[in-house]
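Have a look at the structure below before the remarks.
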Amino acid sequence: MLIDQPLGITCVFSDGSRAAFSLDGLPNPLLDRHLATGLVDVIHPHGIADSAGTVNHYAQAIRGMVRTLAAQRFTGGLDQLRRGRLAEYPMGCSGGGRKACTRAMVEAFGRASGSLADGVLELAAGRNFNVQPNHHALPPYSETEWQRLGDLCRRLVEESYAAHRQALTAVAHGQHPDGADGLPRIFAGCWPPSDR
């Protein structure tokens, strides 16, 4: 839930735990409020943020974005943010977490309010500049997949070893194209070297 005075968020998570986050005192109260409004839609049960630690990352992202844009003399809210400025902000951030958090909040605010400038929602909802690593374990291979993988590996090894054997046979029976003795003609009268 969004709290107006002082600006903050209170949360109740799926395990029944609670947390509160203050977002008051930032240099651009309007942008601060718009991002906090987006954050509400990112938190359980509306979104995927379902722990105090996760919501804390989002709160830090709000503080970082508001302070950075205020330092660039941006005084408007998300509805006045242009696509170019939004694209510029995450490129200047270190680490992917803050980028992902701010983009999720901008997207949530845009979908709820419908008042973002042209292209801003597309950019926020689009592909990450830097792909975030997958933190979830992949499902194990089935027995059929293991069998296919083993068969493919055996086939590749057998083909590679057969090519290796063919190359060794070709080398044993081959001659250099320049001379019958296997040496280029330029060395024909010099090899083996004389005692002179």
Side-chain angles (χ1 to χ4, degrees), residues 1-140:
M1 179 170 59
L2 184 66
I3 298 176
D4 285 320
Q5 292 296 327
L7 185 64
I9 300 274
T10 62
C11 316
V12 179
F13 303 110
S14 63
D15 64 0
S17 63
R18 297 173 177 268
F21 301 89
S22 174
L23 297 167
D24 196 38
L26 292 174
N28 183 342
L30 182 59
L31 180 60
D32 187 10
R33 181 171 174 61
H34 284 177
L35 287 167
T37 301
L39 177 54
V40 169
D41 284 339
V42 173
I43 299 173
H44 170 81
H46 312 290
I48 60 168
D50 194 20
S51 71
T54 302
V55 176
N56 187 48
H57 287 300
Y58 282 91
Q60 290 174 1
I62 289 175
R63 293 181 192 106
M65 185 174 188
V66 171
R67 288 181 179 132
T68 299
L69 294 181
Q72 297 171 0
R73 297 192 176 95
F74 179 75
T75 58
L78 285 178
D79 54 345
Q80 297 168 341
L81 188 66
R82 299 294 173 249
R83 183 183 172 104
R85 188 177 295 263
L86 179 61
E88 179 183 332
Y89 172 71
M91 286 186 210
C93 290
S94 60
R98 186 174 287 185
K99 299 172 196 178
C101 289
T102 54
R103 288 178 63 180
M105 291 182 288
V106 170
E107 180 183 2
F109 177 81
R111 294 197 188 286
S113 71
S115 62
L116 294 178
D118 289 341
V120 171
L121 182 58
E122 291 173 330
L123 184 64
R127 176 180 80 73
N128 284 331
F129 296 113
N130 297 316
V131 177
Q132 297 295 306
N134 184 0
H135 297 291
H136 303 289
L138 296 173

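Computed from a predicted model, the values in this text were never measured in an experiment. Computed from heavy atoms alone, side chains included, the values below leave out hydrogens, waters and symmetry copies.
- Distance alone, capped at 3.5 Å, places no donor-acceptor pair between the R33 side chain and the D4 backbone.
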- request: Go through the steps to decide whether L2 and L7 satisfy the test side-chain contact (heavy atoms from CB on, under 4.5 Å), and finish with yes or no.
  value: CA-CA 7 Å; L2 184 66; L7 185 64; 3.8 Å; yes
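- Remark: T54 OG1 to I43 CD1 distance equals 10.0 Å, nearest 0.5 Å.
- In terms of heavy atoms, D79 sits closest to S115 at CB-O, 3.1 Å.
- Residues F13 and V55 meet the side-chain proximity criterion, which asks for heavy atoms closer than 4.5 Å.
- Shortest non-hydrogen contact noted between L39 and I62 is CD2-CD1, 4.0 Å.
- A donor-acceptor pair shorter than 3.5 Å can be found between the side chains of D15 and S17.
- Residues M1 and V40 fail the side-chain proximity criterion, which asks for heavy atoms closer than 4.5 Å.
- Taking each heavy atom of N28 and G76 in turn, the nearest pair found is ND2-O, 2.9 Å.
- When side chains are defined from C-beta on, L116 does not count as touching L81, because their heavy atoms never get closer than 4.5 Å.
- Here CZ of R98 is found 10.0 Å from CZ of R63. Values are rounded to the nearest 0.5 Å.
- Residues A104 and V42 come closest through the heavy atom pair O-CG2, 3.9 Å.
- D50 contributes a side-chain N or O that, together with a main-chain N or O of S14, makes up a donor-acceptor pair within less than 3.5 Å.
- Here the straight-line distance linking atom SG of C101 with atom CG of N56 works out to 10.0 Å at 0.5 Å rounding.
- Remark: side-chain polar atoms of D41 are not paired, donor with acceptor, to backbone N or O of G47 under 3.5 angstrom.
- Under the 3.5 Å distance criterion, the side-chain polar atoms of Y89 are left unmatched by any main-chain donor or acceptor of L69.
- In this structure, the side chain of H34 engages the main chain of L78 through a donor-acceptor pair within 3.5 Å.
- With values rounded to the nearest 0.5 angstrom, T10 atom OG1 is found 8.0 Å from R18 atom CZ.
- Shown here for Y58 and A49, the closest heavy-atom pair between the two residues is CE1-CB, 4.1 Å.
- Between the S113 side chain and the F109 main chain, a donor and an acceptor come within less than 3.5 Å of each other.
- Counting all heavy atoms, side chain and backbone alike, A61 lies closest to M105 at CB-CE, 4.0 Å.
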- request: Evaluate the salt bridge (charged side-chain N to carboxylate O under 4.0 Å, His left out) criterion for residues E107 and R111: first the C-alpha distance (whole Å), next the side-chain angles of each, then the deciding distance (0.1 Å), finally the verdict.
  value: CA-CA 6 Å; E107 180 183 2; R111 294 197 188 286; 2.9 Å; yes
